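Every chain is numbered from 1, with letters handed out A, B, ... down the list of sequences. These figures come from a predicted structure and were not determined experimentally.
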Amino acid sequence: MNMDSIVSLCKRRGFLFQSSEIYGGLQGFWDYGPLGVELKRNVKEAWWSDMVNGHDDMSTLAGAPSPYAMEGLDCTIIMHPQVWKCSGHYDLFHDHMVDCRETKKRYRYDQINGRWVEAKGRKIFVTAPAGEDEQEHFTKQTLKFFKLRNKHIDDLKWDGPVVCLTDLDNFEEVLGPDAKSLGSLTEPREFNLMFKTFVGALSGEEGAAFLRPETAQGIFVNFKNVLDSTRHRLPLGIAQIGKSFRNEITPRNFTFRSREFEQMEIEFFCHPDQSQDWYRYWRDRRLKWYHDLGISSDNLIMREHHQNELAHYSVGTADIEYAFPFMSDGEYGELEGVSHRGDFDLRSHMEGKLDEKSNDLALQLNADGKPKWKGSGKDLSYRDDLTNEKYVPHVIEPSAGADRAALAFLCEAYTEDEQPDEKGKMQTRTVMKLHPRLAPIKAAIFPLVKKDGMPEVAKDVYLDLKKHFKVFYDEKGAVGRRYRRQDEAGTPYCITVDGQTLEDQTVTIRDRDSLEQTRIKIDECESVIRDRIRQ
RNA sequence: GCGGGUGUAGCUCAAUGGCAGAGCUCCAGCCUUCCAAGCUGGUGGUGAGGGUUCGAUUCCCUUCACCCGCUCCA
């Protein structure tokens with residue numbers, strides 16, 4: 001199986017198109033076609049129904065420490081700019097970077113220091129990543145550049161103090177931190193991974209705002225509102241589905257890394273002492289969700305992050321990853337991250353941006369000792385009115401990509417098998433074996449031939465089923481061809497009106513995967529399809 | 001962002017410095033009682049912009065997009 005045939009089918013059948021295709025497309029943006037939009041809606045609907053509306057808050061679910069509540073939320077894409085300053089996204093996403101053309105390395109513009117140095121009658125600006133041993137690095141780089149030995153160290157004429165690269169106007173005489181030749185650094189470029197826009201008529205910085213790079217922050221800043229309006233006790237999960245935007249440097253691999261994408265996120269708030277158990281619960285629960293919707297365990301893995309990969313406040317993070325066809329053997333692409341975020345997010349919005357590198361997650365301060373980004377000052381802690389205990393809840397975050405899930409389901413469904421044609425000759429059949437819950441069209445209704453009153457009966461069946469499901473009517477051409485078309489669309493069931501229908505009010509229902517046909521009464525169509533979808 | 005490759009019909013692929021072609025698909029009609037049958041007819045195309053030229057899909061430049069590798073992936 002290769003990605004090209006999947007991409008080709010998606011275009012041909014109307015699952016996915018390139019955005020603005022008639023103008024040549026736009027990198028990192030994709031449109032869902034008529035079948036694609038149904039698939040994606042079904043993915044989101046399955047998630048919302050399984051996680052939120054269908055959640056059983058009365059029972060202790062398997063693997064869970066206790067019953068818990070779930071609520072939904074739908075926040076705006078543009079939020080107060082301070083949200084992103086306190087969350088850390090602003091600083092992280094706002095860097096100016098320089099690239100080294102020679103070594104292909106990339107550096108933060110404001111974290112490269114350097115000094116003018118002269119030797120052999122030539123003056124260059126030697127650089128190093130800012131840090132304690134930068135002078136050592138300068139010396140080493142300079143000696144190497146001028147092809148001098150350690151004993152000539154005193155011949156180097158240093159000119160002026162160490163300054164930041166940001167103080168230089170041009171880089172022609174600059175030796176990159178790891179380069180061998182001069183002028184290999186590019187001009188600084190703003191790597192603003194957040195899309196910037198302007199609120200109101202002002203186009204200056206005071207009106208600047210950002211499209212959200214994740215939906216999570218909307219949940220954190222509304223935590224208190226949800227608690228107060230629903231009167232829930234912890235543990236409580238708050239769910240949201242919505243668009244997020246990241247100005248990815250290298251969108252690649254079809255819809256896998258897009259600049260506009262949709263997330264399905266839960267922020268699960270609980271007592272710190274129980275957070276480890278909840279973390280394990282959500283990790284296992286979310287993995288099972290993909291399994292239950294048809295992703296085989298061969299293609300799905302749970303990858304626990306190593307200690308050194310974790311943000312230091314995080315107790316654990318596990319990625320649920322899928323073996324996409326565009327990845328090389330043994331490699332997987334992330335579908336969902338389940339992370340234990342401690343109280344980092346709520347505290348950030350209370351106190352201000354926290355310093356992730358500090359051991360006790362202290363407030364990040366400016367040079368003048370003031371908070372770098374001030375928080376809301378609002379108390380986001382929780383008082384348990386049974387125990388009278390007050391604490392800042394810990395958070396477990398299962399964060400899934402709706403587009404990535406849809407893509408994984410498409411890849412998993414794509415199958416080519418051999419089926420006999422009417423002469424008994426084996427032909428390749430392309431079939432999308434989507435789970436019936438996810439299939440864009442639940443059933444197609446055909447008259448076996450376009451005469452003898454069959455179309456009239458079939459249309460009645462169609463119109464009746466249309467009230468309950470997304471169904472499709474087709475009477476054109478040979479019935480075999482119509483079956484094959486539905487196979488490519490992933491339609492799980494085809495209902496055919498034939499000669500016998502006119503005598504006893506029965507139709508055949510054909511199963512996409514097994515090709516088996518069973519005869520059922522017209523009246524039973526709705527309940528049979530409903531039962532089969534639910535399985 | 002760097003290097004390499006590719007852009008011709010919905011798909012797969014031809015051809016050419018001088019009217020752009022085939023198969024499949026699709027549409028209409030005929031035929032047809034269960035898995036892409038057959039017959040007849042039909043729709044439809046050189047990614048975008050510029051240059052060279054009497055004439056460019058073809059040669060050159062720019063750009064956009066996609067693919068592969070590197071880089072990146074909060």
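The residue A:Leu515 sits close to a base: some heavy atom pair falls under 4.0 Å. Contacts of A:Asp487 with the nucleic acid, taken as non-hydrogen atoms under 4.0 Å apart, are absent. A:Gln500 comes within 4.0 angstrom of nothing in the nucleic acid, heavy atoms only. As judged by a 4.0 angstrom heavy-atom cut-off over every strand, A:Gln517 is placed among the base-contacting residues. Within 4.0 Å of A:Phe254, counting heavy atoms only, lie sugar-phosphate atoms of the nucleic acid but no base atom. At a threshold of 4.0 angstrom between heavy atoms, the contacts of A:Gln18 are confined to the sugar-phosphate backbone, with no base atom among them. Residue contacts for A:Ser8: at a heavy-atom cut-off of 4.0 Å it reaches the sugar-phosphate backbone alone, with no base atom in range.
In this structure, A:Phe29 atom CZ and B:C66 atom P are separated by 11 Å, rounded to whole Å. Separating the CD atom of A:Gln486 from the P atom of B:C35 is a distance of 17 Å, rounded to the nearest angstrom. A straight line from OH of A:Tyr23 to C1' of B:G49 spans 14 Å, rounded to a whole angstrom. Distance CG (A:Asp498) to P (B:C34): 9 Å, rounded to an integer number of Å. Taking atom CE of A:Met327 as the reference point, atom P of B:G69 lies 10 Å away to the nearest angstrom. Protein atom CE of A:Met454 is 11 Å distant from nucleotide atom C1' of B:C34, rounded to whole Å. Nucleotide B:C27 holds its P atom 11 Å from the CZ atom of A:Arg482, rounded to whole Å. The CG-P distance, from A:Asp511 to B:C35, rounds to 16 Å in whole Å.
Classified by its glycosidic torsion, B:C19 falls in the syn category, the angle being within 90° of 0.
Shown are A:Phe17, A:Phe326, A:Trp30, A:Phe15; of these, the ring pair (Phe, Tyr, Trp, His ring centres under 6.0 Å) with A:Phe254 is made only by A:Trp30. Here the options are A:Glu336, A:Glu412, A:Arg404, the test is side chain to side chain donor-acceptor pair (under 3.5 Å), and the partner is A:Tyr322; only A:Glu412 passes.
Across the strands present, B:G7 finds its partner in B:C64; the criterion is a Watson-Crick or G-U wobble pair with both atom distances under 3.5 angstrom. Across all strands shown, B:C70 forms a Watson-Crick or G-U wobble pair, both distances under 3.5 Å, with B:G1. Using N1 to N3 plus N6-O4 or O6-N4 for Watson-Crick, or N1-O2 and O6-N3 for G-U wobble, each under 3.5 Å, B:G17 pairs with nothing. Base pairing annotation: B:C34 forms no Watson-Crick or G-U wobble pair, as no partner gives both donor-acceptor distances under 3.5 Å. With a cut-off of 3.5 Å on both Watson-Crick or G-U wobble distances, the partner of B:C59 is given as B:G51. Base pairing annotation: B:G41 forms a Watson-Crick or G-U wobble pair with B:C27, both donor-acceptor distances under 3.5 Å.
Remark: the separation of the P atoms in B:C61 and B:U71 is 30 Å, to the nearest Å. Separating the C1' atom of B:G23 from that of B:A15 is a span of 15 Å, rounded to the nearest Å. For the P atom pair drawn from B:C59 and B:G5, the interatomic distance equals 14 Å after rounding to whole Å. The P atoms of B:U58 and B:G49 are separated by 12 Å, rounded to the nearest whole Å. Taking atom C1' on both nucleotides, B:A48 is separated from B:A56 by 15 Å, rounded to a whole Å. B:G42 and B:U6 are spaced 32 Å apart, taking the C1' atom of each and rounding to whole Å. Between B:A14 and B:G29, the two C1' atoms lie 31 Å apart (nearest whole Å). As rounded to the nearest Å, B:C67 and B:U62 have P atoms that lie 23 Å from one another.
Checking the phosphate oxygens (OP1, OP2) of B:G10, no side-chain nitrogen or oxygen of A:Lys11 falls inside 4.0 Å. Taking 4.0 angstrom as the limit, A:Arg485 places a side-chain polar atom (N or O) nearer than this to OP1 or OP2 of B:C26. A close approach under 4.0 Å does occur between a side-chain nitrogen or oxygen of A:Arg481 and OP1 or OP2 of B:U25. Within the structure, every side-chain polar atom (N or O) of A:Gln27 is placed at least 4.0 Å from both OP1 and OP2 of B:C64.
Residues A:His89 and A:Pro213 share a closest heavy-atom pair of CD2-CG, 3.8 Å. Contact record, A:Lys476 with A:Arg482: O-NE, 3.2 Å, taken as the closest heavy-atom pair.
Toward the 5′ end of RNA chain B lies the nearest nucleotide of A:Thr430, the other residue of the pair A:Glu334 and A:Thr430 mapping further downstream. Taking the nucleotide of RNA chain B with the nearest heavy atom to each of A:Arg13 and A:Lys451, the more 5' of the two is matched to A:Lys451.
With A:Tyr483 as the aromatic partner, A:Arg510 meets the cation-pi criteria of under 6.0 angstrom to the ring centre and within 45 degrees of the ring axis. Taking the ring centre of A:Tyr279 as origin, the terminal cationic atom of A:Arg283 falls inside the region bounded by 6.0 Å and 45° from the ring axis.
Within 3.5 Å, a donor on the side chain of A:Arg252 pairs with an acceptor on the base of B:G69, or the reverse. Side chain A:Arg510 to base B:C34: no donor-acceptor pair is found below 3.5 Å.
Distance OH/A:Tyr290 to CD1/A:Ile320: 5.5 Å, rounded to 0.5 Å.
For A:Phe223 and A:Phe269, the ring centers sit closer than 6.0 Å to each other.
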